2 protein chains.
Amino acid sequence: MDTKSLMIEKATLLFQQKGYKSVGVSEILKACDVTKGALYHHFPNGKEELLIACLKSLKEAITIDMEDIFKKHSSTQEATQFMLNKLIHNLETEGKLTGYTFSSIVSEMATVSEPVRQACNSLYENIQTIYYTKLATEGFSNELASDIALLLTTSIEGAIMLCQTQRSTAPLKTIAKLLPTILKGRTS
Amino acid sequence: MDTKSLMIEKATLLFQQKGYKSVGVSEILKACDVTKGALYHHFPNGKEELLIACLKSLKEAITIDMEDIFKKHSSTQEATQFMLNKLIHNLETEGKLTGYTFSSIVSEMATVSEPVRQACNSLYENIQTIYYTKLATEGFSNELASDIALLLTTSIEGAIMLCQTQRSTAPLKTIAKLLPTILKGRTS
DNA sequence: GTCTATAAGCAGATAGAC
DNA sequence: GTCTATCTGCTTATAGAC
């Protein structure tokens, strides 16, 4: 793997786990076993440019993964359930957050850096579109599909935050349990 | 007002708006018009001790405010609706986040500092207890009341995060609209 | 209880060799 | 394309006067 991709991969993991500011450039470099020269060659604007590259890469990875899951399951409920189980499983086995979350970065940076805010926004829009599209094919009205897509996004992101705070996977499990309630109003 | 309370008040606002790491000690000091001497006199352990004091103060303020709202409204739905409107109004008029949110701090610090994580956890528990208590009096079973309290907490926190990312109040408004769906299952 | 001055360390970023 | 060495500025924290 080329150095640039390696840096994006390692940095993404670190940012997801500890946020943006808490991760030093030197820590990323150490994880990749490269030095500053490589970083500033590939990302002339430094750490923030690297973060934005991570968000873009994450957006692609999440989109591919979610679209695959949503293709393999017939209903939004089943697909989401599967996705949540995967998230819970990752959290329990690795003990740390990987996968679809980047809420640390959002909360920390959205009010501080406009380019980062836009990258995060684009990511969330993508996720909601995936829910929306599936819900629409299930017979939900456009408005309801859009509203429920938002509710799914917010409750899952909020639950991930609570999992971090509680050091447990209980919040995500409860959301999984409540999926039928959240997806109420279905017409098919 | 004494210096200590002033520092807690100003620091809370700054932390809520920009997160923890993004706010420098000097910025807080400037906002209070005091110098380092005062800070390290009242908070010997420095910035992190100040943050924890902020979280405790926020916990009290939120509890008092929410309990008041939940006392004045007969149903959870009305009370929550009122609370969300207040949140939306604050966001629209002041253009910045004040009030019940501290998700930036959670996401940023929960994996990095254990005392801060505990303070955040205690805050979320309080909020959920307020929802839970009200829901229980409305005839929800203990389990359902507890689950819905969590769903309210996560979806509102998630919505606040999305509001920051989108620079709009739309997500919170959608959650407000969906309250009947979220509170489905009511038996009274 | 609050001030000033200063310390000590680390952040992110750069220059130039190879 | 990656290295080493260095720079600048900012961060939190401390010491001691008032």
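Here the structure is a predicted model, which is why all the values come from computation and not from measurement. The basis for the numbers below is simple: all heavy atoms, side chains too, and nothing from hydrogens, waters or symmetry mates. So that the names make sense, note that chain A is the first sequence line, chain B the second, and so on, each numbered from 1.
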Query - Sub-4.0 Å heavy-atom contacts from residues 1-13 of chain B onto DNA chain D, ordered by number - result: none
Query - Atom pair CG/CD1 of A:L6 and A:I28 - distance to nearest 0.5 Å - result: 11.5 Å
Requested in this report: Hey, could you give me the CG/OG1 distance between B:L29 and B:T35, rounded to the nearest 0.5 Å?
Outcome: 6.5 Å
Query raised in the report: Does NZ or CZ of B:K47 lie under 6.0 Å from the centre of the six-membered ring of B:Y20, at an angle within 45° of the ring axis?
Result: yes
Report task. Flag this pair as yes if the NZ/CZ of B:K4 is under 6.0 angstrom from the six-membered ring centre of B:F43 and inside a 45 degree cone about the axis; otherwise no. Result -> yes
[X] [atom1] - [N] [atom2] separation (whole Å):
X: B:L50; N: D:dT12; atom1: CG; atom2: P; result: 11 Å
X: B:I28; N: D:dC10; atom1: CD1; atom2: C1'; result: 15 Å
X: B:K47; N: D:dA13; atom1: NZ; atom2: P; result: 9 Å
X: A:L39; N: D:dT4; atom1: CG; atom2: P; result: 15 Å
X: A:E49; N: C:dT14; atom1: CD; atom2: P; result: 12 Å
X: B:L29; N: C:dT2; atom1: CG; atom2: C1'; result: 11 Å
X: A:F43; N: C:dT14; atom1: CZ; atom2: C1'; result: 18 Å
X: A:H42; N: C:dA13; atom1: NE2; atom2: C1'; result: 17 Å

Any [X] side-chain heavy atom under 4.5 Å of [Y] side chain:
X: B:D2; Y: B:H42; answer: no
X: B:Q81; Y: B:H73; answer: no
X: A:L55; Y: A:F15; answer: no

Query raised in the report: Do the two ring centres, one from A:F70 and one from A:Y131, sit under 6.0 Å apart?
Result: yes
Query raised in the report: Using Watson-Crick and G-U wobble pairs with both distances under 3.5 Å, what is the 5'-to-3' dot-bracket string of DNA chain C, with [ ] for crossing pairs and | for pairs outside the strand?
Result: ||||||||||||||||||
Query raised in the report: Hey, is the side chain of A:Y40 poking within less than 4.0 Å of OP1 or OP2 on C:dA13, counting only N and O atoms?
Result: yes
Query raised in the report: Between B:H41 and C:dG1, is there a side-chain N or O to OP1/OP2 distance below 4.0 Å?
Result: yes
**Report entry** side chain to side chain donor-acceptor pair (under 3.5 Å) involving B:E114 - partner list, sequence neighbours excluded
**Finding:** A:R167, B:R117, B:Q118
Query raised in the report: Out of D:dC3, C:dT4, D:dT12, which has the shortest distance to the side chain of A:A38?
Result: D:dC3
